[in-house]
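Residue numbers start from 1 in every chain, and the chains themselves are labelled A, B, ... in the order their sequence lines are given, proteins ahead of strands. Computation of the quantities below employed the complete heavy-atom set of this structure, encompassing side-chain atoms and omitting hydrogens, waters and symmetry-equivalent molecules.
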Protein chains: 2
Amino acid sequence: MASPKLLLVEDDISLAELLEYRFTKEGYRVRSTPDGDEALEMAEEDAPDLVILDWMIEGTSGIEVCRRLRRAKGTEHVPIIMLTAREAEDDRIRGLDTGADDYITKPFSPRELLARVSAVLRRVRPALAGETIQVGDMKLDPVAHRVEREGKELKLGPTEYRLLAFFMEHPRRVFSRAQLLDAVWGTGSEIEERTVDVHIRRLRKAIEAGGAPDPIRTVRSAGYALEPV
Amino acid sequence: MASPKLLLVEDDISLAELLEYRFTKEGYRVRSTPDGDEALEMAEEDAPDLVILDWMIEGTSGIEVCRRLRRAKGTEHVPIIMLTAREAEDDRIRGLDTGADDYITKPFSPRELLARVSAVLRRVRPALAGETIQVGDMKLDPVAHRVEREGKELKLGPTEYRLLAFFMEHPRRVFSRAQLLDAVWGTGSEIEERTVDVHIRRLRKAIEAGGAPDPIRTVRSAGYALEPV
DNA sequence: TTCGCCTGTCACATGCCTGTAACACACACA
DNA sequence: TGTGTGTGTTACAGGCATGTGACAGGCGAA
């Protein structure tokens with residue numbers, strides 16, 4: 001979790017290799033392909049946390065890949081950063097319209113792109129960017145994969161951790177069971193909604209272990225929310 | 001509640017797809033059809049929060065669809081945004097005359113349309129746009145699913161919440177029991193109108209809990225309205 | 001392999017919410 | 001003041017949403 005999965009779509013091989021090396025060194029897991037269709041397949045089989053997409057690639061164009069990612073189940077909300085060849089204003093606007101979250105015009109330095117990636121991830125998935133999140137008396141360290149409450153580490157199972165991390169990324173906000181299934185179990189999972197209740201129950205039990213109050217609010221006929229305590 | 005339901009009526013398939021994923025990405029729930037009659041059916045079975053309607057579609061024309069939506073029960077007040085092909089002044093005027101809330105002339109960028117949709121929704125259904133609503137001394141936060149009065153949280157049941165949210169979206173306006181049933185219970189619900197009275201009573205009780213005055217006005221033989229206090 | 005942890009589902013308990021009916025009360029009109 | 005219509009209020013039975021404990025299967029570690 002603490003090493004975001006990137007998908008790099010770039011047909012300039014030497015640039016791709018450079019970026020791959022650089023990002024890997026920074027702790028990202030990178031998968032790379034020069035081909036649009038292959039990128040879509042890769043994204044489908046294992047949804048990345050962020051896509052870096054060259055506007056001008058052979059075969060299926062960047063903008064088309066962008067569109068299909070947005071339409072495909074499981075990748076609708078994956079942030080996309082576009083690489084555009086020129087400063088053509090058209091391209092910029094069309095790129096963002098198509099659903100890209102940010103763009104960067106060539107030539108750029110790897111460091112610049114690193115900054116963009118980090119910025120976008122921080123905005124969309126703070127925990128993924130390696131930032132610790134604090135909500136009330138709970139502190140989540142995504143790098144160490146730990147959650148503390150009142151200085152004591154919480155003992156959480158994998159699902160409980162993902163569920164709590166998601167809540168902590170969006171405190172106070174009410175999520176329906178369906179939304180939680182999408183976010184925590186992955187889009188398209190065919191799990192009973194009641195299962196969410198059970199995991200909420202387990203999460204509550206784990207969080208309250210030290211006798212602290214229950215920060216999870218049940219909103220009848222709507223869902224659950226995490227309240228800072 | 002925080003994801004408005006759109007109905008898109010557009011027979012240019014590629015444009016429809018573009019808009020569909022763009023809006024989906026922004027968190028809207030989109031249903032789409034190229035056919036006017038089908039659009040009417042879809043609107044009837046599950047009333048959308050906003051309709052995006054192409055002026056020139058095959059079969060039943062856009063203007064006719066617009067008229068029928070306005071006449072049909074359950075969709076009288078659903079905002080409509082018209083897509084017009086040319087800048088022909090005629091079209092614009094007739095479109096607005098017919099009951100459209102806004103129009104946009106092709107070609108337009110998805111971003112432009114997004115802005116219009118967001119603007120219209122904010123005007124007509126603020127809570128759906130995720131905005132907190134303030135009416136008098138009451139504040140409603142649709143994301144957190146909470147209502148405060150004088151800083152204290154109100155304890156509301158699900159129906160009371162929906163009822164109050166609806167009132168707060170249209171302060172001062174008088175609604176008949178039938179209108180409230182449509183808006184809060186959903187189109188086609190077969191509930192006794194007197195039931196509304198009971199829920200009004202419950203809502204009043206919950207709102208007045210702190211001893212504050214009753215903001216709900218009874219309009220004899222007409223309905224109820226929420227007055228800012 | 002065995003063991004232990006994690007997971008998804010079920011069944012049951014519980015408490016809240018809901019729609020309706022019935023009665024009391026207020027208002028308009030004669 | 002009487003009458004009828006419309007609204008306020010209460011009580012209640014049933015339904016529905018959620019809480020909770022148990023269980024069997026899966027999976028990985030040892």
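Between B/Asp197 and B/Tyr224, the closest side-chain pair of non-hydrogen atoms falls below 4.5 Å. Side-chain contact between B/Ile200 and B/Arg204 is present, with at least one heavy-atom pair separated by less than 4.5 Å.
Pairing of D/dG2, defined by two Watson-Crick or G-U wobble distances under 3.5 Å, is identified with C/dC29.
Taking the six-membered ring for Trp and thresholds of 30 and 60 degrees, B/Phe166 and B/Phe175 have ring planes inclined between 30 and 60 degrees apart.
Between B/Thr159 and the phosphate of C/dC17, there is no side-chain N or O to OP1/OP2 separation shorter than 4.0 Å.
Heavy-atom contacts from other residues, nucleotides or ligands closer than 6.0 Å to CZ of B/Arg172 number 12 or fewer.
Rounding to whole angstrom units, CZ of residue B/Arg202 and P of C/dG19 are separated by 8 Å. Residue A/Leu164 contributes atom CG, which lies 17 Å from atom C1' of C/dC6 at whole-angstrom precision. One interatomic measurement links the two molecules: CD of B/Glu192 to C1' of D/dT7, which rounds to 15 Å at whole-angstrom precision. Spacing between atom NZ of A/Lys205 and atom P of C/dC6 amounts to 13 Å, rounded to whole angstrom units. Look at NE2 on A/His199: it is 8 Å from C1' on C/dC6, rounded to the nearest Å. Nucleotide C/dG19 holds its C1' atom 10 Å from the CH2 atom of B/Trp185, rounded to whole Å. A straight line from CD1 of B/Ile191 to P of C/dC17 spans 17 Å, rounded to a whole angstrom.
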Requested in this report: Would you give a per-nucleotide map of nucleotides 15-20 of chain D, 5' to 3', where B means the base has a protein non-hydrogen atom under 4.0 Å away, S means only the sugar-phosphate does, and - means neither?
Outcome: -BSBBS

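Salt bridge present: B/Asp137 and B/Arg149 bring a charged side-chain N and a carboxylate O closer than 4.0 Å. Note on A/Asp141 versus A/Arg146: no salt bridge recorded, every NZ/NE/NH1/NH2 to OD/OE distance being 4.0 Å or above.
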